[in-house]
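Structure first, commentary second.
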Protein chains: 2
Amino acid sequence: MDSALEPPPAPSTRGRRARVFSGDDRERAILATAERLLGERPLSEISVDQLAKGAGISRPTFYFYFTSKEQVLLALFDRVVEEARSNRGDALQRLAEDEEQGWRDAISPFCATFSSHRAITSAAAATQYTSAAVRDLWSQVMEQFVVEVMEAIESERRRGAAPDGIPARDLATVLNSMVERSLFSTFSGQTPAVAEERLLETLVSVFMGAIYGRAQE
Amino acid sequence: MDSALEPPPAPSTRGRRARVFSGDDRERAILATAERLLGERPLSEISVDQLAKGAGISRPTFYFYFTSKEQVLLALFDRVVEEARSNRGDALQRLAEDEEQGWRDAISPFCATFSSHRAITSAAAATQYTSAAVRDLWSQVMEQFVVEVMEAIESERRRGAAPDGIPARDLATVLNSMVERSLFSTFSGQTPAVAEERLLETLVSVFMGAIYGRAQE
DNA sequence: CACAGCATTCGACACAGTGTCGATTAAGTC
DNA sequence: GACTTAATCGACACTGTGTCGAATGCTGTG
């Protein structure tokens, strides 16, 4: 089972491609192969040839669909990012009801998305250092989370629930860095790392202390 | 200015070069070249040939000194780690006098070391994903810091200065992840990142809140 | 001083991976 | 049936890695 697709998919009639495989099929096969292989080894140890073979095409044909293997990862990661965005909910809008539960509900879907696509997210985190395109997408995603957390902190301070302190943007940034790095450590089995089942509670605890806890009085 | 060391006597271009440098000189020249080039671009964009040329030797000769370019980074990083260890001081032993100042003094040398060797530490952080040897050394270093922070937290809890809560080891781990990732973001100029001059205060503030701050009572 | 042995050096090779070009095929269009 | 276009791949040029074996000079011994 080297090929991700076997011969006869129903000759669906969309468009004008009743070829053996349509271009879309091939593109999906490449993406599926990449996701499978990323579960086994990092992108740096996966060659374009292996992606092509896995999708049942030759190496030059791969370049008909993607300009590099990094672009494949980018496409996969893009889908994960979309999923994360649609899952994120409005927990941060309901902090006034129950602060701790609100933060937990805000962080949780982030963890869940990372967890269920750990091969892709881990690869994306690692490939930041190699590919500018991946780095840009990653930092755009992080920027969005930082802004959301920052606004939530400011809102909590305005309503008097959280004390003033260091700039909300700075606080949101380091907390976000903590979540990012901790998720990566835990889900890629590094040492030291927090056990998966305690990670969410640990992160929520630091958020609570950092945002609401008044340092030594 | 390609060669890190110029041969004092001008030997004939052709044929074997006269032995003007000892092996130690050459090894140092390779390390110096690597450090210089890492200031300009990541390790993945530096070839063995460029390291060799920079040290005034041919590519095969490079392999007489190091088995790969990752080993060069490992040697550089090892020296930084030693420096960090010798600079770390005993601030965590003096938390009882002034908690906030104690944590600041404990985190500060860590920041300083990272800062003054940012090319090497950034490269080491990035190369974790490529090289198992670098990853092992890095996680060994992180493990040491986590243990020190964990013991300090436990000590603060014992003396009643900090409330009990989540396991000290877990707390120490995520705080360490935060420091690591924040330093990396800031010193490699990523977005989002905290400005260098506010980073230490921001980190200390989160430490104080997470360790001493009682979440909502 | 000769010469053996060791440290050091590099040319040349084999190999793996990347990215491109041009020719070729087959599907759909007119 | 000729034309167009999406899709395909063989072959090539190139970059980088790691190894081998043959030089070359230095150092110490007799």
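Chain letters run A, B, ... following the sequence lines, proteins first and then strands; every chain starts at 1. These numbers come from the heavy atoms of this one structure, side chains and all, not from hydrogens, waters or symmetry mates.
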**OP:** Assign A/Y65 to base, sugar-phosphate, or nothing according to its heavy-atom contacts below 4.0 angstrom with the strands shown.
**Re:**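 Counting heavy atoms under 4.0 Å across all strands, the contact made by A/Y65 is with sugar-phosphate only.
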
**OP:** Identify whether any heavy atom of B/T61 sits under 4.0 Å from a base atom; if not, whether one sits that close to sugar-phosphate; answer base, sugar-phosphate or nothing.
**Re:**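 Base contact - B/T61 has a heavy atom under 4.0 Å of at least one base atom.
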
Original post:
How far apart are the closest heavy atoms of B/A210 and A/V206, and which atoms are they?
Top reply: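 The answer is CB-CG1, 3.9 Å.
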
I want to verify a distance call: between [options], whose nearest atom is closest to the [X] side chain?
{"X": "A/F64", "options": "C/dG17, C/dT9, D/dA7", "result": "D/dA7"}
{"X": "B/S58", "options": "C/dT9, C/dC10, D/dT17", "result": "C/dC10"}
{"X": "B/I57", "options": "D/dT8, D/dT19, C/dC10", "result": "C/dC10"}
{"X": "A/R26", "options": "D/dT8, C/dT18, D/dG18", "result": "D/dT8"}

Distance check needed: [N] [atom2] versus [X] [atom1], whole Å only.
{"X": "A/I46", "N": "C/dT18", "atom1": "CD1", "atom2": "P", "result": "11 Å"}
{"X": "B/Q71", "N": "D/dG18", "atom1": "CD", "atom2": "C1'", "result": "14 Å"}
{"X": "A/D49", "N": "C/dC15", "atom1": "CG", "atom2": "C1'", "result": "14 Å"}
{"X": "B/Y63", "N": "C/dT8", "atom1": "OH", "atom2": "C1'", "result": "17 Å"}
{"X": "A/K53", "N": "C/dG17", "atom1": "NZ", "atom2": "P", "result": "10 Å"}
{"X": "A/F62", "N": "C/dG17", "atom1": "CZ", "atom2": "C1'", "result": "13 Å"}
{"X": "B/E27", "N": "C/dT8", "atom1": "CD", "atom2": "C1'", "result": "13 Å"}
{"X": "A/F66", "N": "D/dA7", "atom1": "CZ", "atom2": "C1'", "result": "15 Å"}

Original post:
Looking at CG of A/L92 and OG of A/S155, how far apart are the two atoms once the value is rounded to the nearest 0.5 Å?
Top reply: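 OG of A/S155 is found 9.5 Å from CG of A/L92.
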
Original post:
In Å, rounded to the nearest 0.5 Å, how long is the span from OG of B/S185 to CZ of A/R181?
Top reply: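 It is 11.0 Å, given to the nearest 0.5 Å.
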
**OP:** Answer yes or no: is there an ion pair linking B/E82 with B/R85, defined by an N-O contact shorter than 4.0 Å?
**Re:**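 The answer is yes: the pair qualifies as a salt bridge.
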
Original post:
Between B/R118 and B/E196, is the closest basic N to carboxylate O distance under 4.0 Å?
Top reply: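 B/R118 and B/E196: salt-bridged.
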
Enumerate the protein-to-nucleotides 11-15 of chain D contacts in which both atoms are nitrogen or oxygen and the separation is below 3.5 Å.
none

**OP:** Give me the ring orientation class for A/F114 and A/W138: parallel if the planes are under 30° apart, tilted from 30 to 60°, perpendicular past 60°.
**Re:**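 Ring orientation, 0 to 90° scale: perpendicular.
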
Original post:
So, is A/K69 near the phosphate of C/dT18, with a side-chain N or O under 4.0 Å from OP1 or OP2?
Top reply: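 The answer is yes; a side-chain N or O of A/K69 sits under 4.0 Å from OP1 or OP2.
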
Distance-only donor-acceptor hits, side chain of residues 165-174 of chain A, under 3.5 Å, sequence neighbours excluded:
unit_1: A/R169; atom_1: NH1; unit_2: A/E143; atom_2: OE2; d: 2.9
unit_1: A/R169; atom_1: NH2; unit_2: A/E143; atom_2: OE1; d: 3.1
unit_1: A/D170; atom_1: OD1; unit_2: B/R198; atom_2: NH2; d: 3.1
unit_1: A/D170; atom_1: OD2; unit_2: B/R198; atom_2: NE; d: 2.5
unit_1: A/D170; atom_1: OD2; unit_2: B/R198; atom_2: NH2; d: 3.3
unit_1: A/T173; atom_1: OG1; unit_2: A/R169; atom_2: O; d: 2.7

